[in-house]
Amino acid sequence: MILYPAIDLKDGQAVRLVHGDMDQTTVFNDDPAAQARAFVEAGCEWLHLVDLNGAFAGQPVNAAPVEAILNACPVPAQLGGGIRDMATIEAWIDKGLARVILGTVAVENPDLVRDAAREFPGKVAVGLDARNGFVATKGWAEETDVQVTDLAKSYEDAGIAAIIYTDILRDGAMKGPNIDATEALARAVDIPVIASGGVSSLADLAALKATGVISGAISGRALYDGAIDLTQALSALRN
């Protein structure tokens, strides 16, 4: 199981939100590229990046710090937030991004997701952000009547690289991930599922790995707060 350290970008800084609320922001680093380098030096194999402003704006806003991270770090990175057309997808991949994460358009424009997955094999993931089992879009500001599992199953034949499943009510709250819901989703589809939201201890990572069906986990606040030691966590997941 791969551990993805998260760098959430707001106004050019590395931050964390609580429950996706832009008004509940903690700034952890004014230099996101330096933060990314620290994660890489600790041994991470991937980076998970989110353009929070972009998720609300519907277009990239924190492009400069993302590009700085891509230029500074040798490991692959995935990015979500404000990626809603083919031109933006192509531009990010051309700049060295290993994987784009499509969230809002996965609900609103599934044809774009399918076209992108065909055009860029292995480089397109779908971000399913859920509140009480239903997908939320536009930076989690809008709730839909679409169930997570139904949407995930609709993409089984699309060739997407992964599903990033976030339980919004767990995100940034340091209360542990929704293991049952994440495992149920992973068992319902053949697409690799990455857990996000609430991953706050080595025990959480061990529990996710023990399911045997979850391919990765994203953690942010716990790494910044020191609740998870990244080097120790990576070692535990490799053994």
Side-chain angles (χ1 to χ4, degrees), residues 1-22 24-57 59-83 88 91-93 95-103 123 125 127 129 139-140 161-162 164-166 168 170-174 177 194-200 204-205 216-231 233-234 237:
M1 191 176 82
I2 297 172
L3 177 58
Y4 297 75
I7 300 177
D8 289 1
L9 299 162
K10 178 175 182 277
D11 304 332
Q13 299 172 310
V15 308
R16 290 301 286 168
L17 310 182
V18 177
H19 304 322
D21 185 348
M22 291 285 269
Q24 296 189 64
T25 303
T26 302
V27 177
F28 284 107
N29 201 317
D30 290 328
D31 186 344
Q35 182 63 64
R37 284 194 297 271
F39 285 149
V40 172
E41 288 166 5
C44 75
E45 301 169 16
W46 273 83
L47 292 167
H48 175 78
L49 314 176
V50 181
D51 182 348
L52 293 171
N53 302 102
F56 285 90
Q59 60 186 12
V61 175
N62 287 284
V66 172
E67 290 180 35
I69 290 169
L70 295 179
N71 290 332
C73 296
V75 302
Q78 61 186 20
L79 170 69
I83 304 173
T88 304
W92 276 125
I93 291 172
K95 288 176 181 176
L97 193 72
R99 187 185 290 163
V100 296
I101 303 168
L102 305 180
K123 295 183 178 292
D129 306 325
W140 304 349
I164 291 92
Y165 172 67
T166 303
I168 296 168
R170 305 291 183 106
D171 191 70
M174 298 289 285
I194 299 168
S196 176
V199 179
S200 52
D204 289 340
L205 291 169
I218 293 165
S219 185
R221 181 176 291 273
L223 296 174
Y224 295 105
D225 287 348
I228 294 177
D229 178 276
L230 181 54
T231 301
L234 292 168
L237 290 176

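Residues take their numbers from the sequence shown, with the count starting at 1. Note that this is a predicted model, so its numbers are computed, not measured.
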- prompt: Does T25 have any side chain to side chain donor-acceptor pair (under 3.5 Å) partners at least two apart in sequence or in another chain, and if so, which?
  reply: none
- request: Kindly say whether A227 contributes a backbone atom to a donor-acceptor pair with the side chain of D225 at under 3.5 angstrom?
  value: no
- prompt: Got a second to check how far I7's CD1 is from N29's CG, nearest 0.5 Å?
  reply: 8.5 Å
query: Of all heavy-atom pairs between I194 and A217, which one has the smallest distance, and what is that distance?
result: CG2-N, 3.9 Å
message: Suppose we screen for ring-ring contact (aromatic ring centres under 6.0 Å, His included). Which residues come up paired with Y4, at least two apart in sequence or across chains?
response: W46
- prompt: Looking only at atom types and distance, does a side-chain atom of S219 sit under 3.5 Å from a main-chain N or O of V199, one as donor and one as acceptor?
  reply: yes
- prompt: Is there a donor-acceptor pair closer than 3.5 Å between any side-chain N or O of D51 and the backbone N or O of N62?
  reply: yes
query: A38: what forms a side-chain contact (heavy atoms from CB on, under 4.5 Å) with it, not counting sequence neighbours?
result: Q35
message: My understanding is that only residues two or more places apart in sequence, or in another chain, count here; which of them pass side-chain contact (heavy atoms from CB on, under 4.5 Å) with Q13?
response: V15, V27, D30
task: Would you indicate whether the side-chain heavy atoms of M1 and L205 approach each other to under 4.5 Å?
output: yes
Pairing residues for Q59 by the side-chain contact (heavy atoms from CB on, under 4.5 Å) criterion, not counting sequence neighbours: A57
message: Tell me every residue that passes side-chain contact (heavy atoms from CB on, under 4.5 Å) with A34, counting only those two or more places apart in sequence or in another chain.
response: D31, R37
